[in-house]
Amino acid sequence: MADDLHFKTLTELQSLLSSGDMSSVELTQALINRKEAVDPQVQAFNSLNTEGALAEAEAADQRRAAGEIKGPLDGIPIGLKDVISVKDRPLTCSSKMLEDFVSPYDATSTAKLKHAGAVLFGRLNMDEFAMGSSTENSAFKTTFNPWDLERVAGGSSGGSAAAVSAGSVPVSLGSDTGGSIRQPASFCGVVGMKPTYGRVSRFGLVAYASSLDQIGPFGRSVKDVASVLQAIAGHDPKDSTSIEQDVPDYSAAVASSKGPWKLGVPKEYFGEGLDPEVKESVQKAIDWYADQGCEIQEVSMPNMNLAVATYYIIATAEASSNLARFDGVRYTHRSKEIENAIDLYFKSRAEGFGDEVKLRIILGTYVLSSGYYDAYYLRAQKVRTLIRQDFMKAYEQVDALLTPTSPFVSFKAGEKNEDPLAMYLSDIYTISANLAGIPGLSLPCGLNSEGLPIGLQILGKPFGEADLLAIGNAYEEAHDHSNQHPKL
Ligand code: GLN
């Protein structure tokens with residue numbers, strides 16, 4: 001039974017648990033073994049509390065035996081990006097700043113997963129404080145791509161994507177501020193979703209850019225992502241930006257909604273800089289939807305070329321403010337070379353933060369400083385409104401948009417980290433969804449000639465997650481991409 005357990009979907013694992021063919025302890029142990037076998041190469045995990053996971057699995061088995069199953073995630077192991085708090089567990093954000101920090105409370109997403117009976121299975125590596133596109137900015141290690149161990153897993157949720165792709169865990173959570181769920185999902189050949197801003201509580205998610213951050217799921221199928229989203233979505237009084245709106249039954253929507261849909265193709269997403277093989281693969285997916293009777297319409301997003309610049313003003317401005325709390329005074333890294341209070345701040349922050357984080361704090365402080373605020377920050381906010389309007393205008397004509405997730409496939413480790421601008425362009429197709437607050441799904445749509453995964457991005461209306469999942473599921477069911485796995 002345990003042979004190919006690690007590549008089974010959540011849905012398949014659920015049925016093995018309910019038929020009694022496998023216990024949660026057996027599953028959890030099999031994944032611990034898998035993680036031990038593959039993670040020395042992939043390096044997706046920052047930590048894994050095997051005893052804790054096995055104890056939670058044991059409790060799930062007892063519930064099942066007593067007929068008290070909590071729902072579809074009961075007894076299923078799930079990995080968490082190391083930026084989401086779990087009470088009494090380390091929370092590092094892959095930063096030296098928080099290397100020894102233990103979280104005093106659960107994030108709302110964590111509490112909801114516990115309530116759903118999930119087995120919390122390890123903390124996953126990321127770019128430091130979620131700043132990056134390759135997980136090379138982690139202060140601890142680079143996470144490699146299970147499809148080619150010389151290449152990156154993407155970022156910033158590289159560990160969350162690679163752990164699912166490598167078969168160490170069936171589902172995981174990441175966070176997406178400018179593409180950090182969708183881009184690594186596309187690089188690692190798995191499904192990832194950024195929900196609408198306000199759909200999932202940010203309470204207990206360490207803030208990078210508060211007006212853009214959103215927690216979301218990774219999985220091996222669209223249905224699996226729907227199940228995890230169901231568990232974590234909803235209003236939370238502890239997060240004033242979470243929206244009071246009913247959570248639909250996502251799995252039912254996926255099962256019942258079969259289209260045909262009106263789908264838009266924004267022409268600005270197919271121009272210069274797009275790898276020809278990625279373009280061809282995404283075009284094939286678009287043609288497939290057309291063959292199914294979907295109406296395909298070209299649309300225009302005239303402000304799309306401003307998205308990367310706008311993002312790097314707004315995100316860094318918010319980061320410079322959010323990261324001010326890490327000052328060596330209370331719970332973060334504290335320098336040992338302190339002679340006075342100024343030293344405490346300067347040296348603790350100089351030692352605790354990595355280069356990319358420092359660069360962004362400096363940039364963010366600059367764009368907010370007097371004399372520059374109007375020229376940069378205020379203008380960026382205005383452009384942000386224009387970008388949102390571009391989407392809303394497109395959605396008057398279509399139900400969703402089809403685009404590539406990333407302009408290229410996974411790149412070699414080290415290839416882009418000397419050139420921040422080249423790295424920033426990784427997110428050119430994902431960033432505007434965060435600026436507009438809309439949901440986005442990335443799912444595999446084929447491999448390139450070197451056998452590397454390509455991702456199709458589906459962007460939707462605010463709170464249109466059910467539609468996105470249904471549109472993605474229709475494609476997935478008709479193709480074999482999600483059943484292809486790396487040879488690890
Ligand atoms: N890669 C983008 C950045 O570096 C997005 C990161 C994210 O979504 N957290 O900021």
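Each ligand, and each atom within it, is numbered from 1 in the order the structure gives.
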**Q** Between ligand 1 and the protein, which N/O pairs are shorter than 3.5 Å?
**A**
| from | atom 1 | to | atom 2 | distance (Å) |
| --- | --- | --- | --- | --- |
| ligand 1 | 1 (N) | Gly132 | O | 2.9 |
| ligand 1 | 1 (N) | Ser133 | OG | 2.8 |
| ligand 1 | 1 (N) | Asp427 | OD2 | 2.7 |
| ligand 1 | 4 (O) | Gly132 | N | 2.9 |
| ligand 1 | 4 (O) | Tyr312 | OH | 3.3 |
| ligand 1 | 4 (O) | Arg360 | NH1 | 3.1 |
| ligand 1 | 4 (O) | Arg360 | NH2 | 2.8 |
| ligand 1 | 8 (O) | Thr177 | N | 2.7 |
| ligand 1 | 8 (O) | Gly178 | N | 2.6 |
| ligand 1 | 8 (O) | Gly179 | N | 3.3 |
| ligand 1 | 8 (O) | Ser180 | N | 3.0 |
| ligand 1 | 8 (O) | Ser180 | OG | 2.6 |
| ligand 1 | 9 (N) | Ala130 | O | 2.8 |
| ligand 1 | 9 (N) | Ser156 | OG | 3.4 |
| ligand 1 | 9 (N) | Thr177 | OG1 | 3.4 |
| ligand 1 | 9 (N) | Ser180 | OG | 2.7 |
| ligand 1 | 10 (O) | Tyr208 | OH | 2.9 |
| ligand 1 | 10 (O) | Tyr311 | OH | 2.6 |
| ligand 1 | 10 (O) | Arg360 | NH1 | 2.7 |

**Q** Could you give the side-chain donor-acceptor pairs of residues 370-383 under 3.5 Å, partners two or more places apart or in another chain?
**A**
| from | atom 1 | to | atom 2 | distance (Å) |
| --- | --- | --- | --- | --- |
| Tyr377 | OH | Gln381 | NE2 | 2.9 |

**Q** What pairs meet the ring-ring contact (aromatic ring centres under 6.0 Å, His included) rule with one or both residues in residues 199-236, with sequence neighbours excluded?
**A**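 Listed once each, the pairs are Tyr105-Phe203.
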**Q** Can you tell whether the side chains of Glu465 and Lys194 come within less than 4.0 Å, N to carboxylate O?
**A** no
**Q** In terms of the angle between their ring planes, are Phe101 and Tyr331 parallel, tilted or perpendicular, with boundaries placed at 30° and 60°?
**A** tilted
**Q** For Phe353 and Phe326, take the angle between the two ring planes, folded into 0 to 90°, and tell me which bin it lands in: parallel under 30, tilted 30 to 60, perpendicular over 60.
**A** perpendicular
**Q** Name all residues meeting the side chain to side chain donor-acceptor pair (under 3.5 Å) criterion together with Ser180; count only those two or more places apart in sequence or in a different chain, and write none if there are none.
**A**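 Applying side chain to side chain donor-acceptor pair (under 3.5 Å) to Ser180 gives Ser156.
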